[in-house]
K.L.:
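Here's a structure for you.
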Amino acid sequence: MSEKKIRVRFAPSPTGYLHIGGARTALFNYLFAKKYNGVFILRIEDTDELRSTKESMHSIFESLKWLGLSWDEGAIDEEREIGDFGPYIQSKREALGIYKKYAEELLKKGMAYYCYCTPKELEEMRLKAHLEKRPPKYDGRCRHLTQQQIKNFELEGRKPVIRFKMPDDGITSWNDLIHGELKFENKLLYDFIMIKASGYPTYNFACVVDDHLMDITHVIRGDDHISNTPLQINIYKAFGWELPNFAHLSMILGPDGTRLSKRHGATSISEYRKLGYLPHTMKNYLALLGWSTKDSQQIFEKGELEEKFDLEGCQKNPAIFDPVKLTWMNGEYIRKMTKDELYEASLPFLKEAGIDLSKASSNVADIVAIEQEKYKLLSDIPKLIDFFFTDEITYDEISVEKVLKKPGVRNILSEIKEVYEKIEIFTEVNIENATRQFCKEKGYKTSEVFHPVRVAVSGRSHGPTLFKMLEYIGKRRVLVRLEKSISFFLS
RNA sequence: GCCCUCAUCGUCUAGUGGCCUAGGACGCCGCCCUUUCAAGGCGGAAAUCACGGGUUCGAAUCCCGUUGAGGGCGCCA
C-alpha cells in the first residue's frame, strides 16, 4: 500500500529577522521531512499589510539558507518559486482571490457572516466583558442582521469583515502528536474574523486554506498556536476537509524563564552568524532544545539529525536557551574542522577585525590552525593570532611586569637572541633543539627561558605552542621583537 | 478575569510500574598531562523526581487536588 507523501511547511511572517524560536520550528519541520522522505515547504505569511516587509522576507531566506535548511517547495525570492502548489506567498494568493473564494463558500453555506462592528465597538465589548469578568469574546451581534440594518451600515460607508460562525456547543478535540489528546469547549471559542475589512485574510483563515490546498499532512509549529488550533479545526470541518496532523512544539525561553526577547541578548539567527557561531552548531543545539534521543546524544555529525529525528523524542515542557552550552558546542565543531574549512570560515572574521593578511609572517591557514583548539567562536580567531600579522605588536602590561621585568631576564633574552641568530633554517624542530640545548648548557630551567621568550615575541603570556609559534612568526620578526624587549622594557 | 499547556540536578535532558542507592551533556570543583593558555583523560559535588493525597506488594513513572511557570484570549501571526 502506498503511504501518503509527507508534506510539512514552515510559514514565517516577514515582520522581522528569523528568530531562535522560528529557526527551531523550521528545523524540526525540515528534519521531519528529511527523516520520512517528505517535502519541506516554505510559505510566506505576509497578510499583515502593515508590518510585513520585503527586507524581512529576504533575511529569512538568507538565514534559512545559512542554516542549511533548504526547502523543496516555496518562494525562493519575491519573483521565483519552486513547486506545483504556488503561489507560496500569501499576498500573491490573495491577489488571485483564493481566500475570498473560500470565504464566499462559507458565506453561502451560512457558516460565515458579514460583520459591521467597528474597532471601537469591539473595544467596548472587550472592556465590558472584562468588567463583568467574562471571557472577552465577540458576542455575535452581527450574526442575524436584517437586510435593512445591512443597508444602513452600507449607507454609512462601513466596510464589513467576514466572521466565521463558530458552533455554540460541542467539543473540538484532536490528537496532538506531542501533547496527546487536547480538547476545547466550542462555547469558549469565538466568531473570529476570516477576512479583514481590507479584504486580506487573517492568519487563522489563510493558514487553513493554504494548508489544505498545499496538501500539508503535518502542521508542526510552536505551542503558542495550541489555542488557535480548535478555531482552525472548525474551519476544516465547515469545509468538510480532512484534518492534517498537529504537533505543537514547546517554547524556547530566555535564561530567566521568560519568553526569549532582545533583553536576553542576541535573538536572531543572523546575529549568531555575526558572533561567530557555525551553522551546524546552531542546528545541533536547536535540535536539542525540546528534543532528544533515547541515549541523550549531544553531538551529531552532518546528516545524523536528519536520520535520527523523531517527533516522539519531543519534549512537552518549555526549554531555556543556554548560550554557554551553545558556545561549548561551537568549540567542539570548530575543533572538528579541517585546516582548510577553518581557514575559509576565518576569512570574514579576520577581515572584519581589520587584519592585513598580506602582512602574514607565514601561511595564513597554518597560522589560523595553530590555535584551533582554543577558539569557541570564529570571532575569537583574530584576537588570538593578530601578532602574526604585524610589525608592531602590543604588549600586555601585566605579562610585561610579571615575566619580562624579572631579574635576569634581560640576560637570558640577549643570549637566546644570539642563539636564534645562528639558526639557519628557522623551523619548529630546530628552534626547540637549540633552545633546549641552550637551557642545558647555561643551567636554566626551561620555563625560565620559555616564558620570557613568549612574552617578548607575542606580547602576552598565553598563546600557541611556543616553537611552532616562533617558526610562524619568522626569524626576522622574532629577532626584532627580542631586541625591542631587551632595549625597551629592560633598559 | 477566562481558557489551555507544562512540571526530573543551576541548565538541556534519559526515564513510560520493579533494572533508579535516578543515567548522559553543559557549567562548576579537584587531579593527571604540559613551556603558557586551551584541548584531552580521570574523578567529584549537584535532583527529598514541585507539593499533598490516593491506586498498587511496589510509583519519577498511573489517578485526584494544590502550587508554580509558560501560552492564548487582536480587522498580529
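Residue numbering restarts at 1 for every chain, and letters A, B, ... go by the order of the sequence lines.
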K.L.:
Checking only heavy atoms, does the side chain of A:T465 share a donor-acceptor pair with the base of B:U35 at less than 3.5 Å?
P.N.:
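When only heavy-atom distances are counted, A:T465 does reach the base of B:U35 through a donor-acceptor pair under 3.5 Å.
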K.L.:
Can you check whether A:R126 has a side-chain N or O nearer than 4.0 Å to OP1 or OP2 of B:G74?
P.N.:
yes
K.L.:
What about A:N228: does its side chain form a donor-acceptor pair under 3.5 Å with the base of B:A77?
P.N.:
yes
K.L.:
Which of the following nucleotides, B:A25, B:U5, B:C75, is nearest to the side chain of A:H179?
P.N.:
B:U5
K.L.:
Can you check the A:M329 CE to B:U13 P distance for me, whole Å?
P.N.:
12 Å
K.L.:
State whether A:E332 and A:R335 are salt-bridged, where the test is any N-O pair (Lys NZ or Arg NE/NH1/NH2 against Asp/Glu carboxylate O) under 4.0 Å.
P.N.:
yes
K.L.:
Given B:U35, is OP1 or OP2 found less than 4.0 Å from the side-chain N or O atoms of A:R436?
P.N.:
yes
K.L.:
Are A:K325 and B:U11 close enough that a side-chain N or O sits under 4.0 Å from OP1 or OP2?
P.N.:
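Checking A:K325 against B:U11: no side-chain N or O falls below 4.0 Å of OP1 or OP2.
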K.L.:
Under 4.0 Å: is that the gap between some side-chain N or O of A:K196 and OP1 or OP2 of B:A77?
P.N.:
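For A:K196, the contact criterion (side-chain N or O under 4.0 Å from OP1 or OP2 of B:A77) is met.
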K.L.:
For the aromatic rings, using the six-membered ring if either is Trp, is the centroid distance between A:W71 and A:F10 under 6.0 Å?
P.N.:
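A:W71 vs A:F10: aromatic centres not under 6.0 Å.
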K.L.:
Whole-Å distance between B:A69 P and A:M251 CE?
P.N.:
18 Å
K.L.:
With a 3.5 angstrom cut-off on both distances, give the Watson-Crick or G-U wobble partner of B:C19, or none if there isn't one.
P.N.:
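Its partner is none (no Watson-Crick or G-U wobble pair with both distances under 3.5 Å).
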K.L.:
Can you tell me, in whole Å, how much space there is between the C1' of B:C9 and that of B:U48?
P.N.:
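These two C1' atoms come out 13 Å apart once rounded.
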K.L.:
Are A:R436 and A:F438 in a cation-pi contact, defined as NZ or CZ under 6.0 Å from the six-membered ring centre and within 45° of the axis?
P.N.:
no
K.L.:
Can you check whether A:Y285 and A:Y272 have ring centres sitting under 6.0 Å from each other?
P.N.:
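Ring-ring flag for A:Y285/A:Y272: false, centres at least 6.0 Å apart.
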K.L.:
Using the ring centroid of each side chain, check whether A:F300 and A:W291 are separated by less than 6.0 Å.
P.N.:
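Yes, ring centres under 6.0 Å apart.
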K.L.:
Distance check: side-chain N/O of A:Q315 vs OP1/OP2 of B:A14, anything under 4.0 Å?
P.N.:
yes
K.L.:
Below the 4.0 Å mark, does B:A14 have OP1 or OP2 next to a side-chain nitrogen or oxygen of A:S292?
P.N.:
yes
K.L.:
Select base, sugar-phosphate, or nothing to describe what A:Q298 touches, counting heavy atoms under 4.0 Å on all strands.
P.N.:
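Base contact - A:Q298 has a heavy atom under 4.0 Å of at least one base atom.
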K.L.:
Return no unless some side-chain N or O of A:T47 is found under 4.0 Å from OP1 or OP2 of B:A77.
P.N.:
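True: A:T47 side-chain N/O within range (under 4.0 Å) of B:A77 OP1/OP2.
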K.L.:
To the side chain of A:S296, which of B:A14, B:U36, B:A7 is closest?
P.N.:
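Within the option list, the nearest is B:A14.
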K.L.:
By nearest atom, which of the nucleotides B:C73, B:C76, B:C75 is closest to the A:P136 side chain?
P.N.:
B:C73
K.L.:
Separation of A:E448 atom CD from B:U36 atom P, in whole Å?
P.N.:
14 Å
K.L.:
A:C117 near the nucleic acid: base, sugar-phosphate alone, or nothing, with a heavy-atom cut-off under 4.0 Å?
P.N.:
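Base contact.
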K.L.:
Reckon A:K159 has a side-chain N or O less than 4.0 Å from the OP1 or OP2 of B:C75?
P.N.:
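A:K159 to B:C75 OP1/OP2: no side-chain N or O under 4.0 Å.
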K.L.:
B:A38, B:U36, B:G71: which one has an atom nearest the side-chain heavy atoms of A:R259?
P.N.:
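Shortest atom-to-atom distance from the side chain points to B:G71.
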K.L.:
What's the closest nucleotide to the A:W328 side chain, out of B:C3, B:C26, B:U36?
P.N.:
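Per side-chain heavy atoms of A:W328, the pick is B:C26.
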K.L.:
Take the protein atom CG of A:N317 and the nucleotide atom C1' of B:U13, then report the distance between them rounded to whole Å.
P.N.:
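Value for this atom pair: 9 Å.
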K.L.:
Side chain of A:I226 only, heavy atoms from C-beta on: which candidate in B:C26, B:C4, B:A77 is closest?
P.N.:
B:C4
K.L.:
To the nearest Å, give me how far apart NZ (A:K187) and P (B:C3) are.
P.N.:
10 Å
K.L.:
If you measure only the distance, is there a donor-acceptor pair under 3.5 Å linking the side chains of A:Y333 and A:N284?
P.N.:
yes
